Undergrad: 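Have a look at this one.
Values in this document were obtained by computation on a predicted structure and should not be read as measured data. Atoms considered below: every heavy atom in the structure, side chains included; atoms not considered: hydrogens, waters and symmetry mates.
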Amino acid sequence: MIQIIASDMDGTLLNDHMVISKRNADAIKTAQKAGVHFVVSSGRGYTEIKPLIEEAGITCPMITLNGAQVFDEKGNLLSSAAINDTLASNILYLLKKKGLYFEIVTSAGIYSDSKTNRIENFAELLTKVSPETPYKLAVSMAAARFELMNVNYTDDYLKIIEDPSLKVYKFVTFSNEGPKKLDPIREELKQFASLVVTSSSSSNIEINHVNAQKGAALQAFADLMNVPMDNVMAIGDNNNDMSMLKVAGVSYAMGNAITEVKQTAKRLTKNNTEDGVGIAIEEVLKEK
C-alpha cells in the first residue's frame with residue numbers, strides 16, 4: 001500500500017504552461033484525503049514552489065533544491081545540506097570563467113545578477129516545452145510568473161557567498177547549446193568530491209553538496225514518517241530524479257522522460273502535458 005508519493009515538478013507535475021493541471025491537483029488531493037503523504041521533490045527552491053502549489057490549492061511537504069532543503073507542510077525547515085564558502089567561491093570562479101549565466105540559491109532565496117537573462121532563460125524553456133508558444137508571449141509569461149516569486153538581484157555574487165548570514169545551497173547554470181557547452185563544466189566539477197552535479201533539463205546543470213540528493217532526502221522523510229520504502233512512490237522525468245526513483249518501491253517515469261529515467265523506473269505514465277502524474281496516482285490508489 002502506497003503511503004508516500006513524491007513527485008518532481010518541471011517536466012513532471014507541471015504542464016507546458018508551467019502550472020499544475022486540474023486532474024493532477026485533484027488526484028493529489030484525493031490521495032491526501034486517503035491518508036497518503038504527497039511530497040513535492042524538485043530542483044526548485046521553496047519560494048519558487050510555494051506559489052505554484054498554492055495556485056493549485058495544495059499544501060504539502062517539500063524536498064527542494066534537489067534535497068538541499070526539506071520542509072514540512074507548514075514551511076518549517078527539517079534538514080539542509082549547504083555548500084561551504086570556499087567551495088562556493090571555486091564554483092563561482094569556474095562558471096564566471098566559462099561566461100555562462102547562472103544563479104545561486106541560498107537560505108534567503110534565489111539570487112540572480114541579471115533580471116533580463118533570468119526571464120530570457122525561462123522564456124526559452126517555455127518555448128522548448130511548448131513549441132507553439134511565440135517567443136514574445138513566452139517572455140511575457142515568464143515576466144508575469146516571476147512577479148510571484150521572491151527573486152533577489154545582486155551585482156556581485158561574491159558578496160552573497162561571503163555573507164555570514166547566508167548559506168549557499170545550489171548553483172544552476174544554463175546554456176541553449178545544452179550538453180555541448182555544459183558537459184565540459186560537469187567534467188571539471190568532478191574534481192570536487194563533495195559536490196554532486198545533476199540536471200533538470202538538457203539546457204542546465206545543477207550543482208549541490210553531495211548530501212543534497214532527492215533519493216537521500218526522500219529516504220530520510222520516509223524514515224521520519226516510519227514508512228518503509230516499499231510503500232513509497234516516486235515520479236520523475238530527468239537526471240536529478242534518478243536517485244529517488246532508485247530508492248522508491250514504486251517508481252514512475254513520465255512519457256516525456258529521458259531514456260535513462262525510463263530504463264530505471266519500474267512503470268511508465270503519460271507525458272506531463274497529458275496529466276501523467278494524476279494518471280499514475282489514480283492507478284496506485286486503485287491498487288490499495
Undergrad: In terms of heavy-atom contacts, does NZ of Lys262 have more than 12 from other residues, nucleotides or ligands at under 6.0 Å?
TA: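 It does: Lys262 NZ has more than 12 such atoms within range.
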Undergrad: Can you name the nearest heavy-atom pair linking Ile4 to Leu218, along with the distance?
TA: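 Taking every non-hydrogen atom into account, CG2-CD1, 4.3 Å.
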Undergrad: Using a 4.5 Å cut-off on heavy atoms from C-beta on, say whether the side chain of Tyr46 contacts that of Met62.
TA: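 Yes, at least one pair of side-chain atoms sits under 4.5 Å.
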Undergrad: For Leu245, which fellow cluster members are found when Ile, Leu, Val, Met, Phe, Trp and Tyr are connected by side-chain heavy-atom distances below 4.5 angstrom, either directly or through intermediates?
TA: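 Under the 4.5 Å side-chain rule, Leu245 groups with Met242, Ile258, Val261.
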Undergrad: Could you tell me whether a side-chain N or O of Tyr157 sits under 3.5 Å from a main-chain N or O of Phe102, the two making a donor and an acceptor?
TA: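 Yes, the answer is positive, given that a donor and an acceptor are paired below the 3.5 Å cut-off.
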Undergrad: In terms of heavy-atom contacts, does CD of Glu260 have more than 12 from other residues, nucleotides or ligands at under 6.0 Å?
TA: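 At most 12 heavy atoms, drawn from other residues, nucleotides or ligands, come within 6.0 Å of this atom.
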Undergrad: Tell me, please, which residues at least two apart from Ala265 pass side-chain contact (heavy atoms from CB on, under 4.5 Å).
TA: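 side-chain contact (heavy atoms from CB on, under 4.5 Å) list for Ala265, sorted by chain: Ser251, Ala253.
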Undergrad: Between the main-chain N or O of Gly215 and the side-chain N or O of Ser243, is there a donor-acceptor pair closer than 3.5 Å?
TA: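 Yes: the side chain of Ser243 pairs with the backbone of Gly215.
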Undergrad: Between Ile63 and Val39, is any pair of side-chain heavy atoms under 4.5 Å apart?
TA: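 They are in contact (side-chain heavy atoms under 4.5 Å apart), so the answer is yes.
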Undergrad: Distance-only, no hydrogens or angles: does the Asn211 side chain make a donor-acceptor pair with backbone N or O of Ala81 under 3.5 Å?
TA: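 Flag not set: sc Asn211 to bb Ala81 has no pair under 3.5 Å.
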Undergrad: Decide yes or no on side-chain hydrogen bond (donor to acceptor under 3.5 Å, both in side chains) for Thr12 and Asp237, but give the supporting numbers first.
TA: CA-CA 6 Å; Thr12 303; Asp237 76 304; 3.1 Å; yes
Undergrad: For Thr154 and Asp113, does a side-chain donor sit closer than 3.5 Å to a side-chain acceptor?
TA: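 Absent: no donor and acceptor within the cut-off.
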Undergrad: Answer yes or no: is there an ion pair linking Glu188 with Lys98, defined by an N-O contact shorter than 4.0 Å?
TA: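 Salt bridge present between Glu188 and Lys98.
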Undergrad: Answer with yes or no whether the side chains of Glu206 and Ser200 bring together a donor and an acceptor at under 3.5 Å.
TA: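 Looking only at side-chain atoms, Glu206 and Ser200 do form a donor-acceptor pair, the distance falling under 3.5 Å.
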Undergrad: Under 3.5 Å, side chain of Lys170 to main-chain N/O of Gly43, donor-acceptor pair present?
TA: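 A pair under 3.5 Å: yes.
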Undergrad: Decide yes or no for Met225 and His37: does some side-chain heavy atom of the first lie under 4.5 Å from some side-chain heavy atom of the second?
TA: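 A side-chain contact exists here, since the closest heavy-atom pair is under 4.5 Å.
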Undergrad: Please answer whether the main-chain N or O of Gly45 pairs with a side-chain N or O of Glu48 as donor and acceptor at a distance below 3.5 Å.
TA: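 Yes, Glu48 side chain to Gly45 backbone: donor-acceptor pair under 3.5 Å.
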Undergrad: More than 12 heavy atoms of other residues, nucleotides or ligands under 6.0 Å from NZ of Lys181: yes or no?
TA: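 No, because the 6.0 Å sphere around NZ of Lys181 holds 12 heavy atoms or fewer from other groups.
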Undergrad: Show the nearest heavy-atom pair for residues Gly236 and Ala257, with the distance to one decimal.
TA: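 In this case the closest contact between Gly236 and Ala257 is O-CB, 4.2 Å.
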Undergrad: Any side-chain heavy atom of Ile161 within less than 4.5 Å of one from Leu92?
TA: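 Counting from C-beta outward, Ile161 and Leu92 do come under 4.5 Å.
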Undergrad: Search all heavy atoms of Val210 against all heavy atoms of Gln213 and return the closest pair with its distance.
TA: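 Smallest heavy-atom distance, with atoms named: O-NE2, 3.0 Å.
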Undergrad: For the OG1 atom of Thr269 and the CG atom of Asp275, what is their distance to the nearest 0.5 Å?
TA: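 Taking OG1 in Thr269 and CG in Asp275, the distance rounds to 9.0 Å.
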Undergrad: If we ignore angles and hydrogens, is there a donor and acceptor under 3.5 Å between the side chains of Thr273 and Asp16?
TA: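 No, no side-chain donor-acceptor contact under 3.5 Å.
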Undergrad: Does a side-chain heavy-atom distance below 4.5 Å link Ile53 with Val40?
TA: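 Answer yes - side chains close enough.
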Undergrad: Between atom CD1 of Ile235 and atom CG of Leu13, what is the distance when rounded to the nearest 0.5 Å?
TA: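 The CD1 atom of Ile235 sits 8.0 Å away from the CG atom of Leu13.
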Undergrad: Is it true that a side-chain atom of Asn231 and a backbone atom of Pro228 form a donor plus acceptor pair closer than 3.5 Å?
TA: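 Not a single qualifying donor-acceptor pair exists.
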Undergrad: Would you check if there is a donor-acceptor pair between the side chains of Tyr101 and Ser112 at a distance under 3.5 Å?
TA: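 Yes.
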Undergrad: Which pair of non-hydrogen atoms, one from Ala88 and one from Ile83, has the smallest distance, and what is that distance?
TA: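 Scanning both residues, the minimum pair turns out to be N-CG2, 3.8 Å.
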Undergrad: Does any part of the side chain of Phe71, heavy atoms only, come nearer than 4.5 Å to the side chain of Leu78, both counted from C-beta?
TA: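 Leu78 vs Phe71: side chains apart.
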Undergrad: Determine, for Glu287 against Arg267, whether the closest basic-nitrogen to carboxylate-oxygen distance falls under 4.0 angstrom.
TA: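 Answer for the salt bridge query: yes.
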Undergrad: So, Ser199 side chain and Ser202 main chain: donor-acceptor pair closer than 3.5 Å or not?
TA: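 No, Ser199 side chain to Ser202 backbone: no donor-acceptor pair under 3.5 Å.
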Undergrad: Find out whether Tyr252 and Met233 are in side-chain contact, i.e. whether some heavy atom of one side chain is under 4.5 Å from a heavy atom of the other.
TA: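 Contact flag for Tyr252/Met233 side chains = yes.
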Undergrad: NZ of Lys22: more than 12 outside heavy atoms within 6.0 angstrom?
TA: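 Incorrect, the count does not exceed 12.
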Undergrad: Is a side-chain donor or acceptor of Asp72 paired with a backbone partner of Lys74 at a separation under 3.5 angstrom?
TA: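 Flag set: sc Asp72 to bb Lys74 pair under 3.5 Å.
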Undergrad: Taking all atoms of both residues into account, what is the closest heavy-atom pair of Met244 and Ser41, and its distance?
TA: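 In terms of heavy atoms, the two residues are closest at SD-OG, 3.5 Å.
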Undergrad: Under a 4.0 Å N-O cut-off, is there an ion pair linking Asp8 with Lys214?
TA: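 Lys214 and Asp8: salt-bridged.
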Undergrad: Counting N and O atoms only, with roles assigned by atom type, does the side chain of Gln32 sit under 3.5 Å from a partner on the main chain of Thr59, one being a donor and the other an acceptor?
TA: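 Yes; at least one donor-acceptor contact below 3.5 Å.
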Undergrad: In terms of side-chain heavy atoms, does Asn208 have a donor or acceptor partner in Asn66 at a distance below 3.5 Å?
TA: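 A donor-acceptor contact under 3.5 Å links the two side chains.
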Undergrad: Is there a side-chain contact between Leu189 and Leu94 (heavy atoms, below 4.5 Å)?
TA: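 Yes, their side chains come closer than 4.5 Å.
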Undergrad: So which heavy atom on Ala217 is nearest to which on Val70, and how close?
TA: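 In terms of heavy atoms, the two residues are closest at CB-CG2, 3.9 Å.
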Undergrad: When you measure from the side chain of Asn152 to the backbone of Ala108, do you find a donor-acceptor pair of N or O atoms at a distance under 3.5 Å?
TA: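 Between the backbone of Ala108 and the side chain of Asn152 there is a qualifying donor-acceptor contact (under 3.5 Å).
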